[in-house]
Amino acid sequence: MTVRTRFAPSPTGFMHVGNLRTALYAYLLAKSNNGVFVLRIEDTDQARYVEGATQVIFNTLKTAGLIHDEGPDKDGGCGPYIQSQRKPLYRKYAELLVEKGAAYYSFETGTAAATAAANGETQEEDDGLEPEFDLERAKAKIAAGIPHVIRQRIDKSGSSTFTDSVFGEITIENKVLDDQILLKSDGMPTYNFANVIDDHLMNITHVVRGAEYLPSTPKYNLLYRAFGWDIPVYVHLPLIMGRNSDGSVAKLSKRHGSVSFENLISEGYLPAAIINYIALLGWSPKNDREIFSLEELVANFSVSGLNKAPAVFDYAKLAWMNGEYVKALPFDDFVRLAEPFACLEGTPLAEKWELIAKLLHQRTEVLSEIPGKIHFLLELPEYENELFFNKKCKSTPELAATMLPEILELIRNVAPWNAETLNGVISAYAAERNMKLNLATWAPRIAVAGQSVTPGGAFELMEILGRDESLRRIGVAIEKLKRG
RNA sequence: GUCCCUAUCGUCUAGAGGCCUAGGACACCGGGUUUUCAUCCCGGCAACCGGGGUUCGAAUCCCCGUGGGGAUGCCA
């Protein structure tokens with residue numbers, strides 16, 4: 001039997017990494033079994049619907065490489081794949097359930113809650129709905145236009161047991177299951193109903209979803225049984241957590257940082273790195289390997305590697321992994337991808353971008369770090385003469401004050417002005433004075449950079465800055481050192 | 001409140017009764033290489049939540065606590 005999995009997001013405007021990871025595992029489970037990956041849009045909550053959000057879902061899956069085999073744009077014979085377009089279907093099945101005695105109508109009263117409030121009473125149990133078990137009377141009320149819902153009728157005796165591929169056998173007392181609403185008063189199904197209908201109709205064999213659905217799974221199974229349908233294989237996934245500022249953890253959300261795929265991308269994380277990282281959040285290949293392409297994930301994926309406990313999202317490790325991907329990028333790709341982040345357009349450095357990129361390529365983890373790394377090239381920072389101190393190479397401001405004027409004269413007219421020539425001249429200068437090269441380059445580097453940490457050494461920086469600006473900055477340093 | 005799930009370094013995890021003196025990675029801290037920084041290399045710090053069982057033997061199995069998470073919506 002062909003394995004069929006689905007990813008069923010709501011179009012709410014952005015793709016949370018938790019959702020993306022669910023999509024990834026559903027994709028991996030399907031593909032590692034030569035199965036079919038279905039995309040279904042769950043837009044039954046018109047209040048939460050966001051214009052254009054479906055496009056965000058398409059774009060995200062495409063960018064991430066999670067290509068679906070069936071979906072709104074790829075009919076595989078189980079369409080439509082957008083729930084709002086399936087609306088009549090749900091009522092049909094809900095009414096079938098009523099006939100079978102597994103569901104019943106409930107009508108809005110609109111008064112009980114209001115009355116209670118007026119009397120200053122709290123009536124938490126009252127949801128403003130009155131059940132009508134008599135079918136004839138129910139039909140009359142419907143004909144009279146009274147708003148109503150259809151809810152599941154659950155026998156509260158006994159218990160329900162089911163097996164999950166990750167969590168194993170789970171038993172829940174039926175008395176804690178409530179008569180959940182299946183069809184809303186606007187005629188749309190709830191998730192609790194639609195997922196059962198659609199997963200069955202779309203021949204989904206393996207339901208991959210977050211562990212938050214574990215406690216309500218018995219209700220879905222009751223529905224499957226009422227219809228006489230096969231229950232799919234369940235694969236519930238541990239949740240992804242974020243760390244709060246007070247050290248506690250909670251479901252990963254915006255306050256923990258960027259949690260949407262689009263946000264992460266705009267911060268300079270690479271799609272393949274994000275996928276690789278989240279794959280390892282809750283799943284392990286059971287060996288020490290950590291870097292996997294999507295294809296390699298497909299080849300290595302197994303449900304047995306899924307974890308049960310929630311995992312904390314760690315931006316530091318994501319950054320490290322992203323750095324691995326950035327460094328592995330062909331240089332031309334890095335130049336192209338990093339350019340928008342550098343923000344050099346319209347500056348004198350724009351034409352030096354490739355030269356700068358050469359320095360940045362192996363020193364960047366997240367592309368958004370770039371402006372901060374190179375800002376000193378655009379504008380000489382304010383700095384203290386203390387920077388000319390360096391213990392390791394024994395540099396001091398006094399030494400810099402004598403060296404800098406000498407070096408300035410040596411390089412003033414060298415040609416061509418590039419790292420190689422400058423290296424030659426300054427190396428010779430160091431050799432003459434029996435000085436180590438790292439001492440000879442310390443002062444010039446500080447002078448042209450104005451900061452202690454720089455991407456690249458003195459020669460590269462001077463080449464990028466050009467002759468005029470380099471000489472000017474060294475001049476500034478000499479004056480600063482004179483003032484002390 | 002009730003119900004469900006869960007528990008190995010700070011974080012992600014390996015470990016399916018003896019291979020564990022508990023392995024890897026990130027982070028952190030040293031050292032080396034390097035014209036700085038980074039890369040790279042080498043080293044270090046750091047964990048089986050607690051208590052009872054079962055067993056010749058338990059991180060691994062069972063029970064009870066405790067901690068953590070989730071569910072309890074006309075959200076999904």
Side-chain angles (χ1 to χ4, degrees), chain A residues 8-10 12 19 42-45 47-48 106 108 127-129 147-151 164 166-168 170-173 175-178 180-192 194-195 209-218 236 238-239 241 243 247-251 277 280-291 304-305 307-321 323 327 359-365 373 390 392-393 395 419 422-423 426-427 430 436-442 444-446 449 451-461:
Chain A
S10 296
T12 56
N19 284 128
E42 307 220 329
D43 60 343
T44 57
D45 183 0
R48 285 214 302 167
S106 261
E108 282 185 13
D127 56 5
L129 291 169
H148 64 281
V149 302
I150 294 179
R151 31 183 15 142
D164 178 81
V166 176
F167 291 89
I170 292 171
T171 300
I172 291 176
E173 298 293 321
K175 66 181 178 210
V176 305
L177 305 177
D178 47 43
Q180 61 181 350
I181 289 171
L182 304 177
L183 204 71
K184 303 186 252 188
S185 55
D186 65 0
M188 281 290 194
T190 57
Y191 164 84
N192 298 317
N195 90 83
R209 54 155 78 120
E212 66 266 31
Y213 293 107
L214 230 28
S216 44
T217 297
H236 285 95
L239 265 26
M241 315 298 288
R243 186 165 296 284
S248 63
V249 294
K251 233 174 167 176
Y277 176 71
L280 263 23
L281 258 192
W283 173 81
S284 159
K286 308 221 176 243
N287 55 42
D288 292 342
R289 184 167 171 196
E290 297 206 281
I291 303 295
S304 69
N307 249 359
K308 296 176 186 175
V312 178
F313 193 95
D314 182 4
Y315 289 93
K317 184 140 188 183
L318 204 215
W320 165 78
M321 190 169 279
K327 278 177 264 181
L359 300 184
L360 257 15
H361 187 193
Q362 301 300 314
R363 303 166 211 256
T364 302
E365 286 193 329
K373 281 186 190 294
N390 183 268
K392 207 168 139 194
C393 67
S395 174
L422 292 163
N423 190 347
I426 294 178
S427 293
K436 283 198 162 177
L437 188 56
N438 61 357
L439 175 55
T441 56
W442 186 268
R445 189 178 63 85
I446 296 301
Q451 61 189 34
S452 61
V453 174
T454 56
F459 314 136
E460 287 88 356
L461 297 182

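In what follows, chains carry the letters A, B, and so on, assigned in the order in which the sequence lines appear, proteins first and then strands, with residues in each chain numbered from 1.
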Looking only at side-chain atoms of A:I181, point me to the closest of B:rC4, B:rC74, B:rC26.
B:rC74
Qualifying residues under side-chain hydrogen bond (donor to acceptor under 3.5 Å, both in side chains), relative to [X], sequence neighbours excluded:
| X | result |
| --- | --- |
| A:R289 | A:E296 |
| A:Q180 | A:Q152, A:N192 |
| A:N423 | A:S427 |
| A:S216 | A:Y220 |

Apply ring pair (Phe, Tyr, Trp, His ring centres under 6.0 Å) to [X] and list each qualifying residue two or more places apart in sequence or on a separate chain.
| X | answer |
| --- | --- |
| A:H148 | A:Y105, A:F107 |
| A:Y277 | A:F313 |
| A:F167 | none |

Atom [atom1] of [X] and atom [atom2] of [N]: how far apart are they, to the nearest Å?
| X | N | atom1 | atom2 | value |
| --- | --- | --- | --- | --- |
| A:E42 | B:rG73 | CD | C1' | 16 Å |
| A:D164 | B:rU6 | CG | C1' | 13 Å |
| A:Y277 | B:rU11 | OH | P | 12 Å |
| A:F313 | B:rU13 | CZ | P | 13 Å |
| A:D43 | B:rA76 | CG | P | 10 Å |

Separation of the [atom1] atoms in [N] and [M], to the nearest angstrom:
| N | M | atom1 | value |
| --- | --- | --- | --- |
| B:rG44 | B:rG50 | C1' | 30 Å |
| B:rC61 | B:rG17 | C1' | 8 Å |
| B:rG15 | B:rU60 | P | 15 Å |
| B:rC20 | B:rC26 | C1' | 23 Å |
| B:rA59 | B:rA14 | C1' | 12 Å |
| B:rG1 | B:rC63 | C1' | 25 Å |
| B:rG24 | B:rC4 | P | 39 Å |

Does [N] pair with anything, Watson-Crick or G-U wobble, both distances under 3.5 Å, and if so, with which nucleotide?
| N | value |
| --- | --- |
| B:rC28 | B:rG44 |
| B:rA38 | none |
| B:rC20 | none |
| B:rC3 | B:rG70 |

5' priority, RNA chain B, between A:D45 and A:L214 [closest heavy atom]:
A:L214
Nearest-nucleotide comparison on RNA chain B, the residue closer to the 5′ end among A:T44 and A:L280
A:L280
Hey, does A:R243 reach any base, or is it just sugar-phosphate, or nothing, if we go heavy atoms under 4.0 Å?
sugar-phosphate
Under 4.0 Å between any heavy atoms, over every strand shown, what does A:V149 touch: base, sugar-phosphate, or nothing? Just pick one.
base
Under the rule for side-chain contact (heavy atoms from CB on, under 4.5 Å), what residues qualify as partners of A:V176, not counting sequence neighbours?
A:I172
Sub-3.5 Å pairs of nitrogen or oxygen atoms, protein against nucleotides 70-72 of chain B:
unit_1	atom_1	unit_2	atom_2	d
B:rG70	OP1	A:K251	N	3.4
B:rA71	OP1	A:K251	NZ	3.4

Protein N or O to nucleotides 29-39 of chain B N or O, pairs below 3.5 Å:
unit_1	atom_1	unit_2	atom_2	d
B:rU34	O4	A:K392	NZ	2.7
B:rU35	O2'	A:T441	OG1	2.5
B:rU35	O2	A:A458	N	3.1
B:rU35	N3	A:E460	OE1	3.4
B:rU35	O4	A:E460	OE1	3.0
B:rU35	O4	A:E460	OE2	2.5
B:rU36	O4'	A:R445	NE	3.3
B:rU36	O2'	A:R445	NH2	2.6
B:rU36	O2	A:R445	NH1	3.1
B:rU36	O2	A:T454	O	3.0
B:rU36	O2	A:T454	OG1	2.8
B:rU36	N3	A:T454	O	3.3
B:rU36	N3	A:G456	N	3.4
B:rU36	N3	A:G456	O	2.6
B:rU36	O4	A:R363	NH1	3.4
B:rU36	O4	A:G456	N	3.1
B:rU36	O4	A:G456	O	3.3
B:rU36	O4	A:G457	N	2.8
B:rC37	O2	A:R363	NH1	2.9
B:rC37	O2	A:T454	O	3.3
B:rC37	N3	A:R363	NH1	2.2
B:rC37	N4	A:R363	NH1	3.4

Under-4.0 Å side-chain N/O to phosphate OP1/OP2 contact, [X] with [N]:
| X | N | answer |
| --- | --- | --- |
| A:K308 | B:rC5 | no |
| A:K175 | B:rC3 | no |
| A:K184 | B:rA76 | yes |

Has the side chain of A:T190 got a donor or acceptor atom sitting under 3.5 Å from an opposite partner on the base of B:rC74?
no
Polar-atom pairs under 3.5 Å, protein N or O versus N or O of nucleotides 14-24 of chain B: list them with distances, or write none.
none

Quick test of your reading: applying salt bridge (Lys or Arg N to Asp or Glu O under 4.0 Å), list the pairs with at least one residue in residues 310-320 of chain A, sequence neighbours left out, ordered by first then second residue.
A:E290-A:K317
